[in-house]
Structure formats: structure tokens, C-alpha cells
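Remarks on the structure that follows.
As the structure is a prediction and not an experimental result, all values here were calculated from the model. Computed over heavy atoms, backbone and side chain alike; hydrogens, waters and symmetry mates excluded.
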Amino acid sequence: MMSSLKEICSGLPLDPLPSNRGRDPDVPHAPIRTPNLTAEEKRLALRNALRYFPPSHHATLAPEFAQELWQYGHIYMYRFCPTLHMRAYPIDQYPCRTRQAASIMLMIMNNLDPAVAQFPQELVTYGGNGQVFSNWAQFHLVMHYLSEMTEEQTLVMYSGHPMGLFPSLPSSPRAIITNGMVIPNYSSKNQYEKMFALGVSMYGQMTAGSYCYIGPQGIVHGTMLTVLNAGRRYLGSDDLRGRVLVTSGLGGMSGAQAKAAVIAGCIGVIAEVDEAPLRKRHEQGWLMEVTSSMDQCIKRIREAKSSKTPLSLGFHGNIVDLWERLLLEYERTGELLVDLGSDQTSLHNPYNGGYYPVRLSFHQANQLMTTDPNRFRTMVQESLRRQIKAINKLSDAGMFFWDYGNAFLLEAQRAGAEVEKVGGGATEFRYPSYVQHIMGDIFSLGFGPFRWVCTSGDPQDLSITDNIAATVLEEISASVNNQIRQQYNDNIRWIREAGKHKMAPVVISRDHHDVSGTDSPFRETSNVYDGSAFCADMAVQNFVGDAFRGATWVALHNGGGVGWGEVMNGGFGLLLDGSEEAAKRASLMLNWDVSNGVARRCWSGNSNAYETIQRTMEGNRQLRVTMPFPVQDERVLDRRHCVAVVTKWLKIVKSPKHAT
């Protein structure tokens, strides 16, 4: 095994070239892309791919790369996909000069583990198009650079491409990653498809291209918090037994919904059209039951509601059909079988495999996607309108629905569905996003989903870190107010329950979906109402600030969650090795990472954030934040009031008494 790791860290295998085994039929594959390149652009894409290899190999590689581009819409370089079993090996097994580099190598291989990655051979970790790299040549070069890196070098990554190792300081990040940094006027989805096919830009989602993904377990934490707080807000209770959550998607991120529902104590019913992820989640124990029968699905909902038994039920079928059947049951019997509703289809990518229209099988949809993209688009929009129509009627009957930040309501609006909020702002719809109603105030308190990776791969070591984290949180929670204590208790519950539910052991990080990492007007910053929701200063400042405060690696991405051109997000990885230096880095960087977002949310007018940052300044005299003054008399904002004041002032100025 060590020799195999050494081999993939020795650079591109060129002498001899590995055999071209093509695509593995036993793993799921990404939908065929349709970049619509001109003849000259196809030549450019091929030229760009060949520049990774000496000219002596071009005659061999050019035809197969051209075939990949024609057949799949992208040059993945399948010939160079390693035969080594891709997984996160224990950190000490990586051949390298610094453990910081080894931690990055471990996380890269975890992102590409077939048990984790959505489409491993296309280097897609999750979300349908969240790339780790653009092609396999980049993987080999990155692993080689990391194996050679010293603590006075930094690896510079341009949208999947390793620009090289550059001299830096021991205190500098070992990797600086940017993905999709496109000039704003050219950051459209159509332009992206072309740039990705050319091999010059890449969509890294949130944690795929930043090497911070750890499987659906990484989002279970945030999903569980969302479900618990949805129950508190909408149902008025912490006890979710017998309550039903209906949603869709069992992919890399959405797969967390099944596990989170059970941990929260409710009945989670999740529709999924693709049998492969549904089967994977069932085999992993994330789904308790699976059915393709609508009648059986309804029967199990009724049984679980009656017995108040936690259940995760996967429905192999289209979510539109499920919503319409739930509506039909209500209209027939008056029985509302759903309490909470959401959606986690990959609608950041609606026309290339992120959302499948009703009336077509999974196979038929994939065919239509490439043979008649316009017809496919029409059918997707028709399905969105039908889905919203059923949701609206069930909502009128008492079901509570929220948008999960996957661009569901945004794309539904673009499809002409009835989601408009009368008198609402640019980021508001008929239904709130989970940030606006649930997680936003939690972010403003300085809380958000966190994660750490046990790099030894030893479950006993993971258990020790769990206990340390839970004990520290319990100590802190003893001296805070009830509102904040509830959030600490939720996090403690997460840590304790995660072990019971066999969450896999896989460097400290967080989902970019957090307090300060992401500027996303339809998700993370949708509850920012001062007009700055579409500004990205916070995410960029987060990326830069983490870099010079001690992060092991940092990443800045265009896109993530809601999609390309809709989001800017920054993330980090931080290796904790038990040293005093690591402790200093962690304290400095993590305090900044949270305070940056809380300060921005405070300035936007959030009262929770105001109190949090005020309290933080009291505990750290080096922190000084510009605090906002509220407008206490709303009349001063009224134009008529202003005109009246000015008119009165002018009369005074013009009076004889004033003149003397």
C-alpha cells in the first residue's frame, strides 16, 4: 500500500503510460455536459489538455482526449485515474516532508473516495458538478507537489490547476486555492460550461474544490440543527416524535436529511429519482427503509405517525409525484400527512442533472438532457410549477415549508411558479429560506456547523476528540444565557448522537455554510436586510484573514450551494497537531473566522449579532468593532417629514429676526 501511495505521489505516470481502461461501468457517472464549443474552441480545449504532457505522447493522447470531449463534453483523462483504492489513508502513511501537506493529501483522497464522491471518475464530490479537480493530470501533479513541499513553500491552485510551489513563510498557508474567479460580467452559467470544457475554470461547490468535504455527515450537523429549530419555530416544540418532514435528494449533501431527521426524532421521507445514491444511503445505514411504491410510502407515513417512531424512508420516485399524492390524500380524507417540508435537489444546476422532471424516467431524462436541451428545460420548469402548486395548497392547509438554499425558490420563480412574496425584497419569496427563519439568527450568535477530521483513522481517537469537544462545550454552556445555552446543548447533542448513529471517522474545518464564510443572497446572507446581501466583502475578507492568521490551507470559490455566479464563499483547513504553535494559530484564526461574520451581521442591524460582538469585545480588548446606531424615530426616514423640517428651517432662515 505504501508503494502505491508513493507511486501516485511521484508525478504523472509517463514511462510507460498507464493503460486506457476507460470509464468504470460499476460506479455512477456525471451527466454528459453540453458546452457547445465551436470547432476552434474544441481545438483549444485539446491544446490546453495536451500541455500537461510531453509532445512525445501527444499522438497517443490527442485522439482519446478528443473522444472524451465529443462523447462526455469534457476531458477528464480517464487513462490517468489511479488503480489504487481511493480513500483517506492514515496521515502517517503519506510520503511527504510536512504533516501539513499530508493533511491536505488525506482530505483530497477522502473527497475522491467512491464511498464519498458522487461521480468519482469525473472528480465530482457532490452537487452534480462540484469538482475536486478538472482532470486526473491535475490530481497527480498536486499529490506530487504536496509530497515534495517544505514548510517554506505554498502550493498555488488556479481552479483545479496547480500553478506550482512558491516560496513562502512557515506561518503561511501550505495551499492557496481559488475556484471560478471569473470577471463578474462573464460569470454566467453558459460561460461556465464553456470555460470548464476548455479546462480554464472550475466549479468547486463549497467543499469539493477546497478539499474539506467529509461526506453527508459533514452536513448532518447543520441539517439536524435546522430540523430541530424548525420544530421550535413552526410547531412550537422540541419534541418531533410523530412529525413528518418531506423533502427530496439523497446525494452528497442532501443525503444528510435522512440521518438528521432520525437524530432529531421525526419521520423523514426523502424522494430520490436516481437509484444509485438511494441504494448507497440504504447500504450505509442512513436510510432505514426504501420503497418505490407510492401506496407503501403513504402507508408507512401513517404507521410511523401513529406510533411516533423515528423513521428515515427513501422513496424511489419523483418528488413532484410525492407532493401531489400528499395533496390528494389531504383532499380525499382531510388528513394532513406532512408537517414540515423542504427540498434539496441540486437546483444550482437545474438543466444538467440537478433536477429531474416528472413524467420521465431517470434514463429518459438523461437522454433528453443531451439530445434536446431546450425540451428538457421546458419540462424542468413545468415540473417546478407543479411542485410549487402542490406545496402551496398543503401550506395553506397547515404544512410549514422552507427553502434550503439550493436555489429551489429562485429557479421556481424563474420558471413562473407562484412563489412571489407581495411587498418582499430582492431576496424574499413566499416561503422563507432556512437562513431567514432558522439558521440566520444562530449564525448571528456565532454558531454554525463545524467539523474535524481524525487523521489517524482510528475510531478510538475520534471518540477521544468527541469527548474533549463535548466536555469543553458543556463547561462553556454553564455560564451563558438560556438562548445561547440552547445552541451549545444542540451541538453537544450532535456530538453525542453522532457516535451512536455510526458517523464515519474520516484537521479542523467548517462547512463554508457558516457565520462568515459565504456571501449568498439567497441562502447564508438572505437575512441581511441593509442592502448588502449581494456584496461579497465578507467572504473575501474571511479567506484573506484566515490565510495570515494561521490556516493550513484556504480557498475562495465562485458558486457553491445556490450556484455559479450566485455566491462567493471562502473556506479553510487547519491542522491541529498538539503543538503550542497550532494552538496559537487555532485561537487567532478561529476567533477571526467567527467575529468577521458576526461584526458584518451586527452592522446590518441584527440584534443577536450586536449583543454577541459586544460581549466578545468585552472579553478581548484588542477587538474593536464599528457599532451601528439605530434609527429611533422612523419619521426621520419619511420624505414628507424631511420636507416639512427643511421648509420650517427655510422660514426661520428667511425671517427678519434671523437676519438681524
If you measure from the Lys or Arg side-chain nitrogens to the Asp or Glu carboxylate oxygens, is any gap between Asp577 and Arg99 under 4.0 Å?
no

Got a second to check how far Met143's CE is from Gln138's CD, nearest 0.5 Å?
14.0 Å

Pair Asp403, Ser433: side-chain N/O donor-acceptor within cut-off below 3.5 Å
no

Distance (rounded to the nearest 0.5 Å) between Asn569 CG and Ser520 OG:
8.5 Å

Side-chain ion pair, Glu581 and Arg585, N-O less than 4.0 Å:
yes

Looking just at side-chain N and O atoms, do Thr525 and Asp519 make a donor-acceptor pair shorter than 3.5 Å?
no

Check for a donor-acceptor pair, side chain of Trp603 on one end and backbone N or O of Asp530 on the other, with a separation under 3.5 Å.
no

Supply the atom-to-atom distance Asn527 CG to Gln436 CD, rounded to the nearest 0.5 angstrom.
7.0 Å

Could you check Gln131, His348, His557 and say which one makes a side chain to side chain donor-acceptor pair (under 3.5 Å) with Gln205?
His348

Report yes or no: is the cationic atom of Arg549 (NZ for Lys, CZ for Arg) under 6.0 Å from the centre of the six-membered ring of Trp592, at an angle within 45° of the ring normal?
yes

Would you please say whether a donor-acceptor pair under 3.5 Å links the side chains of Gln344 and Thr247?
no

Answer with yes or no after comparing the ring centroid distance for Tyr126 and Tyr213 against a 6.0 Å cut-off, counting only values under it.
yes

Looking just at side-chain N and O atoms, do Asp593 and Asn542 make a donor-acceptor pair shorter than 3.5 Å?
yes

Could you walk me through whether Asn406 and Ser346 pass the side-chain hydrogen bond (donor to acceptor under 3.5 Å, both in side chains) check?
CA-CA 6 Å; Asn406 59 330; Ser346 296; over 6 Å; no

Any chance you could measure Glu152, atom CD, to Thr98, atom OG1, to the nearest 0.5 Å?
11.0 Å

At their closest point, which heavy atom of Arg485 faces which heavy atom of Val480, and how far apart are they?
NH2-O, 2.5 Å

Applying ring pair (Phe, Tyr, Trp, His ring centres under 6.0 Å) to Tyr192 and Trp564, what does each step give before you reach the verdict?
CA-CA 8 Å; Tyr192 166 70; Trp564 177 271; 4.5 Å; yes

Keeping the roles fixed (side chain from Trp553, backbone from Ser210), state whether a donor-acceptor pair exists under 3.5 Å.
yes

Is there a donor-acceptor contact under 3.5 Å from the side chain of Ser187 to the main chain of Pro184?
no

Under a 3.5 Å cutoff, is there a donor and acceptor pairing between the side chains of Asn606 and Ser604?
no

As an exercise, state the distance from CE of Met568 to SG of Cys535, rounded to the nearest 0.5 Å.
11.5 Å

Near-ring test Phe133/Tyr211, centroid separation under 6.0 angstrom:
yes

What distance separates Ile104 CD1 from Met109 CE, expressed to the nearest 0.5 Å?
14.5 Å

Could you tell me whether the side chains of Ser168 and Arg174 share a donor-acceptor contact shorter than 3.5 Å?
yes

